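Take a look at the structure set out below.
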Protein chains: 2
Amino acid sequence: MSTTTRGRAERRPSITDVAKRAGVSVGTVSNVLNRPDQVSDATRDRVLVAIEELQFVRNASARQLRAGTIQTVGAIVLDIANPFFTEVARGVEDRLAADEYTLMLSSSDEDPEREARYLRLFEEHGVQGVMVTPSAGSLDTLLALRDRGIDVVLLDTTSPVDDISSVAVDDVRGGALAIEHLVSLGHTRIAFINGPLTIKQCQDRREGVLSALADAGLEPAEALVEITIGSLNADGGEAGINELFALPGDRPTALFCVNDLTALGALRALRAHGVAIPGEMAVVGYDDVVFASMLTVPLTSVRQPTHQLGWTAADLLLRQRSEGASFLHQRVQFQPELVVRGSSDPSA
Amino acid sequence: MSTTTRGRAERRPSITDVAKRAGVSVGTVSNVLNRPDQVSDATRDRVLVAIEELQFVRNASARQLRAGTIQTVGAIVLDIANPFFTEVARGVEDRLAADEYTLMLSSSDEDPEREARYLRLFEEHGVQGVMVTPSAGSLDTLLALRDRGIDVVLLDTTSPVDDISSVAVDDVRGGALAIEHLVSLGHTRIAFINGPLTIKQCQDRREGVLSALADAGLEPAEALVEITIGSLNADGGEAGINELFALPGDRPTALFCVNDLTALGALRALRAHGVAIPGEMAVVGYDDVVFASMLTVPLTSVRQPTHQLGWTAADLLLRQRSEGASFLHQRVQFQPELVVRGSSDPSA
DNA sequence: TGAGGTCTGTGAATCGATTCACTACGCTGC
DNA sequence: GCAGCGTAGTGAATCGATTCACAGACCTCA
């Protein structure tokens with residue numbers, strides 16, 4: 001295909017090079033690229049030939065510098081390796097594609113510093129808006145970002161302020177659903193493997209856990225064994241179980257994991273410890289990821305509308321952008337749903 | 001934190017605004033940002049105060065335009081939602097971080113057009129190199145890219161040409177491992193749910209399948225039932241099984257799926273059809289993803305060194321960059337490993 | 001006293017694409 | 001014969017950060 005090889009050191013051809021080669025002005029080349037119908041057929045062809053010969057590729061930096069903005073938004077999720085977030089991201093992409101926006105996707109790995117770094121990177125690159133699953137304390141940063149003209153929508157968490165929109169699932173209800181279910185099965189001593197409370201989802205689910213316990217007349221101090229892990233993945237879940245089993249006192253008969261990835265690791269560790277599920281330990285996860293129903297013991301889980309979550313967040317962001325000052329900020333909240341399977345209920 | 005609100009329409013402050021406010025020249029502001037020790041303490045403080053007051057954020061486009069290049073490489077994988085690729089991406093990131101490079105990650109979804117679009121996007125943005133799991137026919141594009149000074153490393157596929165490096169796992173061997181295993185268990189009629197042969201991995205694994213059958217003295221026409229699916233995920237696997245069950249003739253007693261996600265869907269469909277595993281159908285997957293060992297019937301799978309795959313690809317890319325013309329292109333190939341579990345071998 | 005050196009800071013030139021006021025040309029119609 | 005108009009194409013100005021040759025201030029030492 002290409003016969004001319006350009007050495008590493010040579011600089012890539014610019015619009016000026018194309019113009020020279022085609023014997024036209026830079027303005028005309030730009031017109032060929034952006035308003036082809038304003039150029040005569042003969043000239044357009046000459047320019048296109050020159051572009052082809054020089055293997056010209058537009059310089060996005062120069063373009064953006066002049067334009068000032070790009071049709072791009074950024075998204076920062078907690079963990080790109082978690083199927084829950086990839087499904088959410090897919091929802092975001094689907095909505096963005098309709099308006100020809102591009103997505104810059106990053107994972108904060110639940111680290112506020114990484115989150116801040118990516119936010120800055122996005123801003124430096126001139127994105128029009130960001131969707132963030134924020135860590136605690138980043139609200140000020142986000143408000144400042146908004147004040148600098150970059151639209152912000154919170155993803156998978158409810159906005160604490162009125163002038164930033166959010167799309168979330170009722171995590172308090174979700175946590176309560178899990179515990180109500182376990183309590184209804186007769187469990188009175190329940191382990192809860194949770195992430196750090198700096199993550200809003202963890203905090204909310206915990207609140208649901210506590211309120212459900214209270215509703216059931218159970219005292220958290222006796223009924224609940226809380227284990228806090230550092231990362232919400234399979235390794236974290238495994239570590240959580242090992243920590244639980246190292247504790248003195250009565251072992252709980254039920255376990256609620258803050259997400260399915262964690263539950264997967266917990267199940268792995270429980271198996272290693274030779275614990276029967278749900279006989280000796282009933283287990284409930286959260287997210288209902290694709291493999292939850294297919295595990296050795298199918299996992300009871302709290303399901304969330306992932307694709308819709310992402311789609312709606314992107315939709316809010318784009319509408320905020322287009323409607324400007326008339327846009328009404330809103331907190332969209334979806335309801336979670338408990339899917340009962342064998343890991344908690346032998347009859348399921 | 002921020003008290004001054006900037007309206008949407010106002011343009012963001014530039015280095016010139018900062019300079020004016022601090023009563024210095026733009027050169028000095030730039031020095032504060034890039035060579036702080038060349039500026040006196042008093043001046044530096046004045047500038048930093050101005051930056052804080054104006055909420056100044058560097059404009060990445062202007063920066064890159066001047067610099068000509070950025071410490072960024074792009075990667076395009078087949079499916080970001082596949083745990084295999086997220087693990088590979090993690091390996092890439094880990095290597096890049098050491099040299100303070102950033103990663104732009106995209107998923108081609110096995111679509112050559114999407115792949116081409118992202119390649120162009122990366123190029124326009126001035127990345128220094130790309131790692132690609134290419135689709136068929138994109139070699140010319142990649143060679144041209146390389147000729148334009150952008151380093152290319154093929155990811156998870158062996159390079160067909162001597163002057164482009166690649167990092168891969170021996171997929172032919174992997175396919176053979178799976179079949180040898182099934183044959184050794186006595187299976188003589190095997191279904192193979194594979195993706196389109198335009199995907200090199202699918203083609204290679206198939207080659208391994210055929211060679212292993214030949215070695216076992218089996219005739220593919222009789223011993224092998226090939227099902228081709230469009231997307232290598234759980235839905236594809238489910239569709240594959242439904243297609244298989246709609247076929248006339250003897251039903252195979254074993255199944256090899258081109259990856260674990262596909263196997264997951266296949267298992268789901270097999271369960272729906274009430275098929276006993278491995279009794280009526282032995283199943284082998286590929287990738288040994290995190291949940292493979294935890295399924296209802298633990299999945300026999302071909303394991304690949306994911307993290308190392310990504311790490312090595314990034315390492316080659318960076319070394320190619322730094323060593324320049326003296327760099328020797330190479331094809332790195334890792335060996336896969338069969339992990340036998342209950343889905344194929346009841347005694348496992 | 002002045003040559004030479006160090007330390008700070010200056011500001012014009014640069015990167016490449018886009019835009020827009022303007023020119024040139026050809027054509028129509030009176 | 002020329003005003004008026006539309007079409008095609010021009011090229012200087014612009015976006016914002018970086019760089020670099022240079023200037024000014026101040027000090028040292030012969």
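This one's a predicted model, so the numbers in the text were calculated from it and none came from an experiment. These numbers come from the heavy atoms of this one structure, side chains and all, not from hydrogens, waters or symmetry mates.
Residues satisfying the side chain to side chain donor-acceptor pair (under 3.5 Å) criterion with Arg44(A), sequence neighbours excluded, are Asp41(A). Evaluation of the salt bridge (charged side-chain N to carboxylate O under 4.0 Å, His left out) rule for Arg319(B) yields Asp315(B), Glu323(B) as partners, not counting sequence neighbours. Remark: Ser135(A) pairs with Pro112(A), Glu115(A), Ser138(A) by the side-chain contact (heavy atoms from CB on, under 4.5 Å) rule, at least two apart or across chains. Residues satisfying the salt bridge (charged side-chain N to carboxylate O under 4.0 Å, His left out) criterion with Asp17(B), sequence neighbours excluded, are Arg11(B). Residues satisfying the side-chain contact (heavy atoms from CB on, under 4.5 Å) test with Ser166(B), not counting sequence neighbours, are Leu154(B), Thr158(B), Ser159(B), Arg331(B). Listed by chain and residue number, Arg95(B) satisfy the salt bridge (charged side-chain N to carboxylate O under 4.0 Å, His left out) test with Asp99(B) (two or more places apart in sequence, or in another chain). For Ser106(B), there are no side chain to side chain donor-acceptor pair (under 3.5 Å) partners, not counting sequence neighbours. With sequence neighbours left out, the side-chain contact (heavy atoms from CB on, under 4.5 Å) criterion links Asp163(A) to Leu143(A), Arg146(A), Val161(A), His329(A).
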Contact list (N/O, under 3.5 angstrom) for nucleotides 6-8 of chain D vs protein:
none

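Both Asn31(B) and Ala62(B) lie near DNA chain D, and the one whose nearest nucleotide falls closer to the 5' end is Ala62(B). Where Ile15(A) and Gly27(B) meet DNA chain C, the nucleotide closest to each residue was compared, and Gly27(B) sits on the side nearer the 5' end. Projected onto DNA chain C by closest heavy-atom contact, Ser25(B) and Arg58(A) fall at different nucleotides, the more 5' of which corresponds to Ser25(B).
Rounded to 10 degrees, the angle separating the terminal helix axes of the helix from dT1(C)-dA30(D) to dC30(C)-dG1(D), each built from five base pairs, is 60°.
Contacts of Ser30(B) with the nucleic acid, taken as non-hydrogen atoms under 4.0 Å apart, include base atoms. Residue-level contact check: Val29(A) touches neither bases nor backbone, having no heavy atom under 4.0 Å from any strand. Residue Arg44(B) is out of contact with every strand shown, counting any heavy-atom pair closer than 4.0 Å.
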Enumerate donor-acceptor pairs with a distance under 3.5 Å from any side-chain N or O in residues 306-313 of chain A to protein atoms, sequence neighbours excluded.
from	atom 1	to	atom 2	distance (Å)
Thr306(A)	OG1	Glu87(A)	OE1	2.9
His307(A)	NE2	Asp94(A)	OD2	2.7
Thr312(A)	OG1	Gln308(A)	O	2.6

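Interface limits on DNA chain C: the 5'-most and 3'-most nucleotides within less than 4.0 Å of chain B heavy atoms are dT8(C) to dG16(C).
In this structure, CE on Met131(A) lies 5.0 Å from CG on Leu96(A), to the nearest 0.5 angstrom.
With Gln201(B) contributing its side chain and Asp156(B) its backbone, the two residues share a donor-acceptor pair below 3.5 Å.
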